[in-house]
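To keep things clear, I will list the structure first and then write my remarks on it.
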Protein chains: 2
Amino acid sequence: MRQKITLKHIAKELDISISTVSKALKGNKEISEDTRLKVKAFAKLYNYKPNNIALSLKNRKTKTIAVIIPEILHHFFAKVIRGIERVANKNGYQVIICSSNNSFDREVINFEMLASGSADGFILSIAKETLQNQDYHHITETISQGMPVVLFDRVADGIFCDKIIVDDTRGAQDAVMHLLAQGSRRIVLLTTVDYINVGNLRTQGYLRALKAYDLEIDETLILKIEDVDNCEGEILSFLEEKEFDGIFAVNELFAVLATKAVRLQNKSIPDDVAIIGFSDGLLSKHASPTLTTVSQHGEQMGEKAAELLIHKLENQQQGLEEYRTIIIDTELIHRASTRE
Amino acid sequence: MRQKITLKHIAKELDISISTVSKALKGNKEISEDTRLKVKAFAKLYNYKPNNIALSLKNRKTKTIAVIIPEILHHFFAKVIRGIERVANKNGYQVIICSSNNSFDREVINFEMLASGSADGFILSIAKETLQNQDYHHITETISQGMPVVLFDRVADGIFCDKIIVDDTRGAQDAVMHLLAQGSRRIVLLTTVDYINVGNLRTQGYLRALKAYDLEIDETLILKIEDVDNCEGEILSFLEEKEFDGIFAVNELFAVLATKAVRLQNKSIPDDVAIIGFSDGLLSKHASPTLTTVSQHGEQMGEKAAELLIHKLENQQQGLEEYRTIIIDTELIHRASTRE
DNA sequence: TTGTATGCGTTATCAG
DNA sequence: CTGATAACGCATACAA
């Protein structure tokens, strides 16, 4: 088990100075061809790799982007990460991912850990608990220390930085409009509790669509779900007692569970009940019937986020603080759970 | 935008030496109560956080574990990561995740990047392309430099290190045995090409189960799929021309697609055809019908992997190189796609 | 052409 | 009780 080799080792072995080794390795022409080749050969032989930590300390930059997401186990976030990675790698940046598991504490810990030297900037989607607490000190402080942050999807108004968001309201509205256009009139809304802003925004979209059709809001058709991980029974019994001919769900899981419930009632999809979910993931694609859904273009979001961040990173000298909010359009993916 | 604050700043501002500040902050009793409080107050006021990069350089350890997985967009890997995170965080380690996207080059880049100072050890599942190339130099070299590596799930024999594997063969065998026990005799195998070792091992399990029942292997019932991302049509047409009463698929996706194909043929599941997949993810759980499947206990794998790695990390002095391979049992989760 | 000195931020050791 | 110095690994301005 030979130790990790450093410039110092090479220098000692070759009996030259550390700086000569350093220069030789970088192909600096100051150094004689002879020495240069000798050093390079030796370095290759012993598989020398510069120590990133030392480099980061020296350069005061790490060439890494930290991504913090609420949960890895999520198709949408995975897609965003792909987009981020693509752009980051193309620009010579490394991407490291941490998950907050929707916990405020973990988010703070991860954030502060990475903020204190390990990364040059952040791409972040805020944890559920943080959104509830409305405590963003870790983020705002980091920003005020000059570290660029890009927020995506789960953002907060109180934080001043670049943001990439989905037009959730519009996406939801389009979806519900589609349900209405294809004939549904009593449309169930399966949504989350209000403090989840994406759930909230999608709920707004639902309301707007009904308004556009001059329909009255029937509150009894709206179910606000608290415990996402354990809601199958809740959805089932909710749907049992209602009269409806359409369902709009603010995420995939709700949509799939609703589909099951409807089938248990021996109603046909899409003829008796049309269903649209939000988020174009595996579930929607492979459910039976396949689900019409609102796609969020996750990769594109990731790409944009990375572009924005890298731009900030590489143009940091001028202190003009200007923040952009980019809205990514959604797209309705038509599948078998709706007519037309 | 106030700059990131360092010991030096504090020292200058308070007109004391850097080392005094450092000691005061660490609560060293050498320092007078007076100075200590003053320094701490100042540090808190300016939100001082020690620079991790500098600490890492000094301590020659980062307290971070690097996890490299072939793809994030994968329920099983996400579960493993959860397990890793739980154990790591409990032991004061940070987890950073990188994906190789199943590309050899990206795996090498990520690996070398993280190996050169950014992490203390690795937990890794080998990329598909790397498995094909059978080029593990990046891994073996790192190991030989004294950095602990734990391989999980997609491992390779040529690498000497700790390994956590699923008993894929056994899991597959149990699954197929169950199909046989509940009456299936002509069982289709949907598997991957051979160089994917998990696919291969699961195929072995299939063969063993048939052998245990003294059945002849019908090669025409075996489909080896190359392009996982684009196999719906392939599965569909393959199943069209066959006679079968059971399907074993080496992953969730194949299982779900098979389910669709079977339903298109108007055969009933599980009465005409029973189906079992591998990997207990969202798809199996929410498919219609819900799929019986082989669960791999991903979180447990992650936990074990992290435990092993941290153990190595914290007992590195003794150079006794002893490597363990831990086999995690699978479990058959019974759902609606099989009888009984 | 090569080497020396300095600094990145921190801590440990030792001297005052 | 406080501070100077060295060291972690590297790069670079400056000297020789």
Side-chain angles (χ1 to χ4, degrees), chain A residues 3-40 42-43 46-63 112-120 145-147, chain B residues 3-40 42-43 46-63 112-120 145-147:
Chain A
Q3 262 306 306
K4 247 195 166 341
I5 196 166
T6 68
L7 290 185
K8 201 201 265 189
H9 296 140
I10 303 184
K12 199 202 251 169
E13 208 67 28
L14 262 40
D15 202 34
I16 51 180
S17 81
I18 294 180
S19 61
T20 305
V21 177
S22 172
K23 286 174 190 164
L25 249 20
K26 300 191 84 72
N28 189 325
K29 293 179 216 139
E30 279 181 357
I31 306 299
S32 70
E33 175 95 16
D34 198 38
T35 324
R36 228 187 307 159
L37 291 179
K38 202 169 53 183
V39 171
K40 283 193 171 174
F42 192 90
Y46 284 90
N47 191 32
Y48 169 78
K49 294 268 160 46
N51 180 319
N52 282 318
I53 294 283
L55 281 179
S56 300
L57 186 60
K58 182 116 202 41
N59 303 331
R60 272 105 142 280
K61 65 171 101 168
T62 61
K63 278 282 187 177
E112 300 202 325
M113 146 72 77
L114 294 166
S116 44
S118 312
D120 295 341
Q145 287 180 348
M147 177 161 296
Chain B
Q3 262 307 307
K4 245 190 169 341
I5 197 166
T6 68
L7 291 183
K8 200 200 262 187
H9 295 139
I10 304 184
K12 197 198 238 167
E13 207 68 27
L14 261 41
D15 202 32
I16 51 180
S17 80
I18 295 180
S19 50
T20 304
V21 176
S22 172
K23 286 174 188 165
L25 249 21
K26 301 191 83 73
N28 189 323
K29 294 177 215 139
E30 279 182 355
I31 306 298
S32 71
E33 176 95 16
D34 198 39
T35 324
R36 228 187 308 158
L37 292 178
K38 201 169 55 180
V39 170
K40 283 193 172 175
F42 192 90
Y46 284 91
N47 190 34
Y48 169 78
K49 293 268 160 44
N51 181 320
N52 282 320
I53 293 283
L55 283 179
S56 299
L57 184 59
K58 183 121 203 32
N59 302 331
R60 274 109 139 275
K61 65 171 100 163
T62 61
K63 280 281 188 177
E112 302 203 323
M113 147 72 76
L114 293 165
S116 44
S118 311
D120 296 341
Q145 287 180 346
M147 176 160 297

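What you are looking at is a predicted structure, and each value in this text was computed from that prediction instead of being measured. In what follows, every chain begins at residue 1, and chains take the letters A, B, ... in the order their sequences are listed. Just so you know, these numbers use all the heavy atoms, side chains as well, and skip hydrogens, waters and symmetry mates.
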Fill in: Residues touching DNA chain C, which here means a heavy atom under 4.0 Å, drawn from residues 14-27 of chain A
A:I16, A:S17, A:S19, A:T20, A:K23
So which protein N/O to nucleotides 6-9 of chain C N/O distances come out below 3.5 Å?
| residue | atom | partner | partner atom | Å |
| --- | --- | --- | --- | --- |
| C:dG7 | N2 | A:K58 | NZ | 2.9 |
| C:dC8 | OP1 | B:K8 | NZ | 3.2 |
| C:dC8 | OP2 | B:K8 | NZ | 2.9 |
| C:dC8 | O3' | A:R60 | NE | 3.2 |

Discussion item. So, OP1 or OP2 of D:dC8: does either fall under 4.0 Å of a side-chain N or O from B:S56?
Written reply: no
Worksheet item: Hey, mind stepping through B:T6 and B:K4 against side-chain contact (heavy atoms from CB on, under 4.5 Å) and telling me if it holds?
Response: CA-CA 7 Å; B:T6 68; B:K4 245 190 169 341; 5.8 Å; no
Practice prompt. Check whether any side-chain heavy atom of A:L7 lies under 4.5 Å from a side-chain heavy atom of A:L25, and answer yes or no.
Written response: yes
Worksheet item: Quick one: A:K61 NZ to D:dC10 P, roughly how many Å, whole number?
Response: 19 Å
Discussion item. Rounded to whole Å, please give me the gap between CD in B:E30 and P in C:dT11.
Written reply: 14 Å
Worksheet item: To the nearest 0.5 Å, how far apart are OG1 in B:T20 and CG in B:N28?
Response: 10.0 Å
Worksheet item: When we call it a touch if two heavy atoms are under 4.0 Å apart, what does A:T35 touch: a base, just sugar-phosphate, or nothing?
Response: sugar-phosphate
Discussion item. With a 4.5 Å cut-off on side-chain heavy atoms, are A:L14 and A:V21 touching?
Written reply: no
Worksheet item: Backbone N or O of A:T62 within a donor-acceptor pair of the A:N52 side chain at under 3.5 Å?
Response: no
Item to complete: Any chance you could lay out the side-chain contact (heavy atoms from CB on, under 4.5 Å) test for B:I31 and B:V39, step after step, and finish with the verdict?
Response: CA-CA 10 Å; B:I31 306 298; B:V39 170; over 6 Å; no
Discussion item. A side-chain contact here means heavy atoms from C-beta on lying under 4.5 Å apart; do A:I5 and A:N47 qualify?
Written reply: no
Worksheet entry | Rounded distance in Å - CG (A:D34) to P (C:dT1) | 11 Å
Response to the item:
In whole angstroms, the gap separating P of C:dG3 from CZ of A:R36 amounts to 15 Å
Fill in: Side-chain donor/acceptor of B:S116 to backbone N/O of B:E112, under 3.5 Å
yes
Worksheet item: Can you tell me how far C1' of C:dT11 sits from CD1 of B:I53, to the nearest Å?
Response: 16 Å
